[in-house]
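Note that the coordinates shown come from a computational prediction; the quantities given were computed from them, not determined experimentally.
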Amino acid sequence: APGLSGDTRWHWRTDLRASEPYWRGWFEGMSEAFLAQTGMPKLLLLAGSDRLDKPLTIAHMQGQFQLGLVYGTGHYMMEDKPQETAQRLVEFH
């Protein structure tokens, strides 16, 4: 199948739309599960453009976890900026 621009060099092997019924389930409840872990310090590293949802915003304001922003990265900050990601983890530890 041609890409959006009509480029035929790329071909999707998986019909991503077929997984749509599962999309919400992949993410719903993640913040609550993260916050439910008690008895240990927590660090949440996010790409600089990510936003916190309401439960995370409230918990961060209450000091329940440390927030780290790694600017100039996408979903794979450990690949986009491996040194900075590692440094943040070392500083947290």
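Partners of E91 by side chain to side chain donor-acceptor pair (under 3.5 Å), not counting sequence neighbours, listed by chain and number: Q87.
Between F34 and L56, the closest heavy-atom pair is CD2-CD2, 3.9 Å. The two residues K42 and Q64 make their nearest non-hydrogen contact at CE-O, 3.6 Å. A47 and G74 make their closest contact through CB-O, 3.9 Å (heavy atoms, listed as atom of the first residue, atom of the second, distance). Here the closest non-hydrogen pair linking R88 and L69 is NH2-O, 2.6 Å.
Connection of L67 to L35 is established within a shared hydrophobic cluster, with ILVMFWY side chains joined at heavy-atom distances below 4.5 Å, either directly or through further cluster members. Both L44 and Y71 are members of a single hydrophobic cluster when ILVMFWY side chains are connected at heavy-atom separations under 4.5 Å.
Put simply, NE2 on H60 and CG on L52 are 7.0 Å apart, with the number rounded to the nearest 0.5 Å. In this structure, H93 NE2 and L43 CG are separated by 12.0 Å, a value rounded to the nearest 0.5 Å. We find the OG1-CD distance between T57 and Q62 to be 11.0 Å, quoted to the nearest 0.5 Å. Considering CG of L45 and CD of Q66, their distance stands at 8.5 Å, rounded to 0.5 Å.
Other residues sharing the hydrophobic cluster of I58, ordered by chain and number and joined by side-chain separations under 4.5 Å: none, the residue standing alone.
In this structure, Y76 places its OH atom where only 12 or fewer heavy-atom neighbours from other residues, nucleotides or ligands lie under 6.0 Å away.
Side-chain atoms of T85 come within 3.5 Å of backbone atoms of M77 as a donor-acceptor pair (strictly under, hydrogens ignored).
Within the structure, every pair that satisfies the side-chain hydrogen bond (donor to acceptor under 3.5 Å, both in side chains) test and touches residues 21-37, not counting sequence neighbours, is listed here: S19-W23, R24-E28, S31-D53.
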